2 protein chains.
Amino acid sequence: MEAGPTRADAGGSGPEGDGTPRTRIQEKNRARILEAALGTFARFGYRGARVDQIAEDAGMSKSNLLYYFGSKSEIYKAVLADLLDRWLAPLRTLDPEGDPRTELTAYIEQKLRFSADYPEASRLFANEMLQGAPMMRDVLEGPLKALVEEKSQVLRRWAACGRIRPVDPVHLIFLIWATTQTYADFAPQIEAITGTGIHDETFRRQALQSLTDLIFAGLLPRPGSP
Amino acid sequence: MEAGPTRADAGGSGPEGDGTPRTRIQEKNRARILEAALGTFARFGYRGARVDQIAEDAGMSKSNLLYYFGSKSEIYKAVLADLLDRWLAPLRTLDPEGDPRTELTAYIEQKLRFSADYPEASRLFANEMLQGAPMMRDVLEGPLKALVEEKSQVLRRWAACGRIRPVDPVHLIFLIWATTQTYADFAPQIEAITGTGIHDETFRRQALQSLTDLIFAGLLPRPGSP
DNA sequence: AAAAAACCTGACCAAATGGTCAAATCGAGC
DNA sequence: GCTCGATTTGACCATTTGGTCAGGTTTTTT
């Protein structure tokens with residue numbers, strides 16, 4: 001009885017199969033491809049992206065790229081999978097035991113950082129939504145929905161204790177998502193108007209300050225303060 | 001001296017030239033094309049959109065479509081031009097003489113209506129931004145920036161009078177844009193989580209209520225109210 | 001240092017895509 | 001019902017695009 005093939009995958013033509021790189025070269029090249037693909041897909045969407053442009057951005061031949069990922073849609077799926085964890089992570093850290101203001105401020109700050117550090121990831125996510133989320137529907141209806149419901153409960157409990165006013169938690173979450181992502185997704189607009197953007201630290205602090213101030217205190221003058 | 005050609009345009013091959021239809025048929029067909037193009041460009045972006053798909057959606061042959069608009073980019077420009085006025089209109093109506101709360105609520109309501117009535121227009125706008133606004137940069141830096149500065153002044157004056165708290169007006173405008181557009185641009189996400197969307201009147205009322213409540217009153221409990 | 005496996009390339013292909021064109025058809029005014 | 005311009009079509013074209021493949025080169029294993 002001979003030992004089963006130690007490191008063979010389904011096909012014989014390349015390292016396709018699961019997403020686990022076997023060699024250092026694979027690890028490096030897959031990473032380069034995913035990064036290049038992120039940029040291209042974020043800008044042009046799935047259909048608008050061109051495989052050879054991704055290859056060029058990744059600094060390799062199209063043939064070689066297709067050696068690592070068998071098809072365009074395979075690259076796309078891999079990029080999306082990479083993206084989702086990071087996108088969802090910040091909300092997971094919202095602590096039910098913490099102080100509402102501290103917790104939400106931290107959450108908003110993390111989301112703003114995400115827009116600053118991975119603007120292309122944010123834009124790719126947006127692009128998927130604009131296309132009708134063909135590759136993400138299950139995730140939206142599954143893990144995302146579950147997480148939102150869990151955290152909505154947290155917000156409702158805070159409201160019940162009188163620690164925050166009773167606002168609809170889902171719309172609050174939408175508001176935080178929208179306002180933080182807009183700085184990445186609509187960067188050209190923001191830059192045209194302000195002359196700078198979320199990549200700039202000073203601007204990011206201003207954005208955070210304005211957002212938290214608005215969300216917590218609101219626009220109307222408070223009775224007690226001049 | 002013979003009279004100049006009454007209705008000739010640059011080329012001789014079709015009604016291309018300016019955007020003014022000369023005949024009823026042109027009017028009807030141009031409208032059909034623009035509507036179909038809006039849907040396709042909104043979903044797939046400029047590069048991802050296919051001319052023959054637009055033609056099919058418009059119920060005519062690709063050749064005939066190209067008789068009305070000489071090229072893909074010409075269609076795109078026409079759709080964008082159509083879009084911009086409608087997108088900017090609501091902000092223009094913000095009245096410096098009015099009551100801040102009334103004015104801003106009306107503005108938010110108009111933007112929510114826009115997301116509900118023209119979700120594809122909203123998505124096309126988003127798509128242009130994601131691509132880096134190649135066709136819109138001038139508008140962003142010109143009319144849009146000017147309008148935002150004008151209305152920022154209004155907000156600053158309201159703050160100076162103590163009618164609203166002194167928040168950064170630009171970030172407030174970004175917040176309103178982001179929160180209202182998210183219901184159109186990220187519709188699949190919103191629908192996955194809530195089971196409905198901005199097209200639903202009840203949902204739209206809830207969204208408006210939550211938004212205005214948050215924006216005006218804020219999250220933190222007010223000293224005066226339980 | 002072979003041998004085997006992994007890696008890479010350029011030539012090539014079929015389908016798709018944006019666009020052209022000559023000819024056929026339609027429709028309003030005479 | 002004739003005429004002339006507006007409209008519509010289908011055949012056609014050059015280029016682009018996603019993807020394959022045979023074979024060559026490099027790295028790893030023995």
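Because the structure is a prediction, the values reported are computed rather than measured.
Protein atom OH of A:Y67 is 18 Å distant from nucleotide atom P of D:dG23, rounded to whole Å. Atom-to-atom, CD of A:E27 to P of C:dC7 comes out at 12 Å; the value is rounded to the nearest Å. Distance, A:I33 CD1 to C:dC7 C1': 12 Å, rounded to whole Å. A straight line from NZ of B:K72 to C1' of C:dA16 spans 12 Å, rounded to a whole angstrom. Distance CG (B:L65) to P (D:dT7): 14 Å, rounded to an integer number of Å. One interatomic measurement links the two molecules: CZ of B:F69 to C1' of C:dT20, which rounds to 19 Å at whole-angstrom precision.
From B:T196, atom OG1 reaches atom CD of B:E191 across 7.0 Å, with rounding to the nearest 0.5 Å. Between A:K151 atom NZ and A:E103 atom CD the span is 8.5 Å, to the nearest 0.5 Å. Rounded to the nearest 0.5 angstrom, A:D117 CG and A:L112 CG are separated by 10.5 Å.
B:N29 has no side-chain polar atom (N or O) that falls below the 4.0 Å cut-off from OP1 or OP2 of D:dA6. At D:dT7, one or more side-chain N or O atoms of B:Q26 fall inside 4.0 Å of OP1 or OP2 (strictly under the cut-off). A sub-4.0 Å separation between OP1 or OP2 of D:dT27 and a side-chain N or O of A:T23 is absent.
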Take A:I190 and B:V170 through the test side chain to side chain contact (heavy atoms under 4.5 Å, CB included) and record every step on the way to the result.
CA-CA 9 Å; A:I190 272 117; B:V170 173; over 6 Å; no

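With B:Y76 as the partner, the ring pair (Phe, Tyr, Trp, His ring centres under 6.0 Å) test is satisfied by one option alone out of B:F69, B:F41, B:F44: B:F41. Among the candidates B:R204, B:H199, B:R205, the single residue satisfying the side chain to side chain donor-acceptor pair (under 3.5 Å) test with B:E201 is B:R205. Of the residues listed (B:Y183, B:W87, B:F125, B:F114), the one engaging B:W177 in a ring pair (Phe, Tyr, Trp, His ring centres under 6.0 Å) is B:W87, and it is the only one.
When the nucleotides C:dC7, D:dT8, D:dA6 are ranked by their closest atom to the side chain of A:Y68, C:dC7 comes out on top. Comparing D:dT8, C:dG19, D:dG19 by their nearest atom to the side chain of B:N64 picks out D:dT8.
Using modelled atom types, one side-chain atom of A:T93 and one backbone atom of A:P90 make a donor-acceptor pair closer than 3.5 Å.
By the 4.5 Å heavy-atom criterion applied to side chains, B:Q189 and A:M136 are not counted as neighbours.
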So if I define the base as every atom that isn't primed, P, OP1 or OP2, how would nucleotides 21-30 of chain C read as a B/S/- string at a heavy-atom cutoff under 4.0 Å?
----------

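Listed by residue number, B:A49, B:R50, B:V51, B:K62 are the residues of residues 42-62 of chain B with a heavy-atom contact under 4.0 Å to DNA chain C.
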